[in-house]
Amino acid sequence: MTRASSPARIHTEITGIVQGVGFRPFLHRLAVREQLTGWARNTPAGVELELEGEEAAIRRFVQTVKTAPPPLAVVEELHLHQVAPHGGETGFVILPSTAGTAATLAAPDLAPCPACLKELYDPADRRYRYPFLNCTDCGPRFSILRALPYDRANTSMADFAMCPDCAAEYSDIRSRRYHAQPDCCPVCGPKAFYLDGDGKQQEGDPIALAQQALAAGKIIAVKGTGGIHLACDARNEAAVRRLRRRKHREEKPLAILCRDLETVEGFCSVTDEEQRLLQSPRRPIVLLEKRHFHGPESFSCLSENHRIGVMLPYTPLHVLLADGSFGGPAAMVMTSANLPGCPVMLDNAEAVAGLHGVADGFLLHDRPIVNRCDDSLAAVWQGREYFFRRSRGYAPQPLTMPDASADGILAFGAEQKGGFAAGKARHVFLSQHIGDLKNAETLDHYRTALQTCLRLFGVRPRALVCDLHPEYFSTAEAKRAASAMQLPLLQVQHHWAHMAACMADNRLDGRVFGIVWDGTGLGTDGNIWGGEFLLGDLHSFRQVGSIRTIALPGGDAAVRQIGRTALSLAWDAGVLPIPMPQLQTLPGRETLLAMLEKDIRCPKASSIGRLFDGVYALITGRTQAGYDGQAPALLEALAEPETAGRIYPTAYQTGTDGVRRFDTRPMIAALSTDLAEGVPAAAVARGFMDTLCRMALEQCRALNPDKLPVVVAGGVFLNLYLLRGVTRLLEAEGYTVYSHHRVSTCDEGIALGQLAIAARHFHQ
């Protein structure tokens, strides 16, 4: 833009998260302040506007848009074009949105802002105690979105015609709800209602009825923004155990929703960084340290380990439910309402039918959920989110990449913790939480979410990528799609994809040294990998280190029947019999030993996840795993800070393939001796994990002499003791260590790595 003329006029196109975040009202108010005329409108690409007025005022306008947009907006690009002044305009207007091929971004669902919370509890306000109030700065976005541009007609709020008062706010530039698409009130908007356990609607205030049911120890289903939860009083142990029985979730940790930070601190210790994450508009579940791990206040019925997942209310309905106005509890279990292995429920009728006999009551509402979106789950690591699950509050906000090489690449992810990634220009859209692709319902959710992503954001696939494993459902989906669309398909080794995901997460491009530890993944040699040290980049990789393989009697049966893995480790280390009654009486013990001796139906895995399973069974005597990842989580809990860990030996063997492998046998033998001599479990557990950390350092010394950047990835690193220990040891020796922050380190994030590798492959 030049200073040649005054007045001047510019045409501007703005891309980023600029719809559903009060961006057009912000532009309107800014134009009025700077005495500029013109117009703005949503387009499939973002926001388009023209401005006319004094050049200095236009420059101030543009600078404010770049440096101080609305709190929830993300301005990625702003293109200016000088055009001829029109003259004759008397003000600034918001024009109807234009249609076309989608290219803009959409905002995630966000928690109520302070201004809305103030209205919620103001008896003089017309939205007093209204469970669905929102404004341009907060409220539902992705969960109600059917199409872009983000206009009311393209959301599930289209079913609710605005009353005159809401329509007046929507059209008033002075209102916080100016062009707020989900704007509503008790007169015109969604309504909440309460049903009894048989699905019969009850008379009275639904929030009061729900609170009273919770206070009485009942279990209720609660419909939120992205799905339906099951809730009960978190301090009522009988209610919690009843919920576990009814939901068939006997051991897996349960998250809780707390009224406020004071309530949170009754359960957990909270750092300043954790407090900021808890209170952020994204409102994830945050993993926090219990205040007491032993005794009556250990809340063991919520979680066996030393952490609890905690969140603060993230919708006005949840705020009201937790406020205790009618005697309800200040802390509630909030766990997804779903049938075992299936996605979280969305539909009222589905919930009433599917949860009959599980829920004693239903707090529901009549606003449809368009896009299923489970709660996000994160810890704080290095001052930032460390995702166990990236979903509500984050999806569908994409990651921004250094260039557009991933444009049109579609990655299908893995099978456990399935997820996809889709490239569009410099953006990568990651799926919300999907779950394990092991049944028709979850696979249908995966397909629906994928098609929604492609449609909403106008992704036109040009190449596909998936895992190397031929039996993954995601691999089958990729092959089917490649055939149907006549597109090339690349298959990528699982652990290389983990390494590449961490590289992409941290915007690394050159050669790295990867420490990738997880449960299982198919290796390039046809064997099961899971404790790998890799050298490579986005072009290629090679396995340079690993661990001694573990025989798994019965194959997949050993993943849940972890006593089998313990028996295998002890047999391999030559320490049988061991003084562990549960293993001495393990069902089929003699048959399992014969299988090991004769190497019959005993596939081998170089898996840290399976090593954790076996060692956990050796230490505790437990022979069954209740859920995936239980052993790493509970071994971490066993390692009490006040108990010093034992020191166990490390040994290595280099095979004919040149791979340097950690020999687990000396460690298992020493560990078994300690257990026989009565060494406390805490000392053994801590010693085991310390040995793995030391092994990582020793492998890095031997295999990464050039001190390439180290990336740490894989589901085992959801064990934060291990993550901290490996990072601390490596950094102390001068290595630069990178871990995940934008996506999960587990298989949920693997699609990002597949996409990064495919982008390089197809860009050549």
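All values derive from a computational prediction rather than experimental measurement.
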Sequence neighbours left out, cut at 3.5 Å: what donor-acceptor pairs do the side chains of residues 395-414 make with other protein atoms?
from	atom 1	to	atom 2	distance (Å)
Gln397	OE1	Arg282	NH1	3.2
Gln397	OE1	Arg282	NH2	3.0
Thr400	OG1	Glu76	OE2	3.0
Asp403	OD1	Ser405	N	2.9
Asp403	OD1	Ser405	OG	2.7
Asp407	OD1	Ala425	N	2.6

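No side-chain donor-acceptor contact under 3.5 Å links Ser540 to the backbone of Gly536. For Asp706 (side chain) and Leu708 (main-chain N/O), no donor-acceptor pair under 3.5 Å exists by modelled atom type. Distance alone, capped at 3.5 Å, places no donor-acceptor pair between the Asn719 side chain and the Ala633 backbone. No side-chain donor-acceptor contact under 3.5 Å links Asn506 to the backbone of Leu508. Put simply, the side chain of Arg661 never gets that close to the backbone of Gly545: no donor and acceptor are under 3.5 Å apart. No donor-acceptor pair closer than 3.5 Å links the side chain of Thr745 to the backbone N or O of Gly715. Remark: side-chain polar atoms of Glu640 are not paired, donor with acceptor, to backbone N or O of Ala682 under 3.5 angstrom. The backbone N or O of Glu471 lies less than 3.5 Å from no partner atom in the side chain of Thr475, so there is not a single donor-acceptor pair. Side-chain N or O atoms of Gln699 include one that pairs as donor or acceptor with a backbone N or O of Arg660 at under 3.5 Å. Between the side chain of Glu532 and the backbone N or O of Gly530, at least one donor-acceptor pair lies under 3.5 Å.
Side-chain contact check for Ser431 versus Glu748: every heavy-atom pair is 4.5 Å or farther apart. Cys466 has its side chain out of reach of Ser474: every pair of non-hydrogen atoms, C-beta onward, lies at least 4.5 Å apart. The closest side-chain heavy-atom distance from Ile285 to Val310 is not below 4.5 Å. At least one side-chain heavy atom of Met499 sits less than 4.5 Å from a side-chain heavy atom of Val512. Inter-residue side-chain proximity for Arg507 and Arg742 is flagged as met; some heavy-atom pair is nearer than 4.5 Å. Side-chain contact between Phe387 and Pro284 is absent, with no heavy-atom pair separated by less than 4.5 Å. Residues Tyr627 and Glu251 have side chains in contact (heavy-atom distance under 4.5 Å, counting atoms from C-beta outward). Using a 4.5 Å heavy-atom cutoff, the side chains of Leu535 and Leu703 are not in contact.
Within a 6.0 Å radius of CZ in Arg542, no more than 12 heavy atoms belonging to other residues, nucleotides or ligands are found. Heavy-atom neighbours of Asp556 CG from other residues, nucleotides or ligands within 6.0 Å: at or below the threshold of 12. In Tyr648, the OH atom is crowded: over 12 heavy atoms of neighbouring residues, nucleotides or ligands sit closer than 6.0 Å. The environment of CG in Leu261 is crowded: more than 12 heavy-atom neighbours from other residues, nucleotides or ligands sit within 6.0 Å.
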Begin with the C-alpha distance, continue with both residues' side-chain angles, and end with the deciding distance and a verdict on side chain to side chain contact (heavy atoms under 4.5 Å, CB included) for His740 and Cys502. CA-CA 6 Å; His740 280 284; Cys502 194; 3.6 Å; yes
Could you go through Asp537 and Arg760, starting from their C-alpha distance and side-chain angles, then the distance that decides it, and tell me whether this counts as salt bridge (Lys or Arg N to Asp or Glu O under 4.0 Å)? CA-CA 10 Å; Asp537 52 26; Arg760 186 60 52 89; over 6 Å; no
Determine, stepwise, if the pair Arg307 / Glu274 fulfils salt bridge (Lys or Arg N to Asp or Glu O under 4.0 Å). CA-CA 13 Å; Arg307 292 197 301 261; Glu274 290 165 342; over 6 Å; no
Check the pair Glu289 / His306 against side chain to side chain donor-acceptor pair (under 3.5 Å), numbers first and verdict last. CA-CA 6 Å; Glu289 293 281 340; His306 60 95; 2.8 Å; yes
Report the C-alpha distance between Asp663 and Tyr652 in whole Å, list the side-chain angles of each, state the deciding distance to 0.1 Å, and finish with yes or no for side chain to side chain contact (heavy atoms under 4.5 Å, CB included). CA-CA 5 Å; Asp663 188 345; Tyr652 303 90; over 6 Å; no
Take Leu278 and Leu288 through the test side chain to side chain contact (heavy atoms under 4.5 Å, CB included) and record every step on the way to the result. CA-CA 10 Å; Leu278 277 169; Leu288 303 175; 4.0 Å; yes
Kindly determine whether Thr650 and Met667 satisfy side chain to side chain contact (heavy atoms under 4.5 Å, CB included), including the steps that lead there. CA-CA 7 Å; Thr650 55; Met667 178 186 67; over 6 Å; no
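For the salt bridge (charged side-chain N to carboxylate O under 4.0 Å, His left out) test, residues two or more places apart in sequence or in another chain that qualify with Arg392 are Asp375. Under the ring-ring contact (aromatic ring centres under 6.0 Å, His included) criterion, Phe541 pairs with Trp496, sequence neighbours left out. A search for ring-ring contact (aromatic ring centres under 6.0 Å, His included) contacts involving Tyr735 returns nothing, not counting sequence neighbours. With sequence neighbours excluded, the residues satisfying salt bridge (charged side-chain N to carboxylate O under 4.0 Å, His left out) with Asp572 are Arg548.
Rounding to the nearest 0.5 Å places OG of Ser568 at 13.5 Å from CD1 of Ile562. How far CG of Leu522 is from CG of Asn527: 8.5 Å, rounded to the nearest 0.5 Å. For the atom pair CD1 of Ile528 and CG of Leu552, the computed distance is 6.0 Å after rounding to the nearest 0.5 Å. The CD1 atom of Ile750 lies 7.5 Å from the NE2 atom of His495; values are rounded to the nearest 0.5 Å.
No side-chain donor from either of His741 and Asp505 sits under 3.5 Å from a side-chain acceptor of the other. A donor atom on one side chain and an acceptor atom on the other are found under 3.5 Å apart for Ser739 and Trp381.
Among residues at least two apart or in separate chains, salt bridge (charged side-chain N to carboxylate O under 4.0 Å, His left out) pairs with a member in residues 686-699 are Arg694-Glu698.
Shortest non-hydrogen contact noted between Ser376 and Tyr394 is OG-CD1, 3.4 Å. When all heavy atoms of Leu538 and Ala500 are compared, the pair lying nearest together is CD2-CB, 3.7 Å. Across every non-hydrogen atom of Ser606 and Trp529, the tightest pair is OG-CA, 3.3 Å. For the pair Leu730 and Ile515, the tightest heavy-atom approach, listed with the atom from each and the gap, is CD1-CD1, 3.9 Å. Summarising the geometry of Glu385 relative to Ala378, their closest heavy-atom pair is CB-CB, 4.4 Å, with the distance given to 0.1 Å. When every heavy atom of Ile550 is checked against every heavy atom of Ser607, the shortest pair comes out as CD1-O, 3.7 Å.
In summary, of the residues considered (Lys252, Lys417, Arg560), a side chain to side chain donor-acceptor pair (under 3.5 Å) with Asp628 occurs for Lys417 alone.
Ionic pairing of Arg701 and Glu733 is present here: one or more N-O contacts between side-chain nitrogen and carboxylate oxygen are shorter than 4.0 angstrom.
Close placement of the Phe688 and Phe612 rings is indicated, their centers lying within 6.0 Å of each other. In summary, the aromatic rings of Phe267 and Phe299 are positioned with their centroids under 6.0 Å apart.
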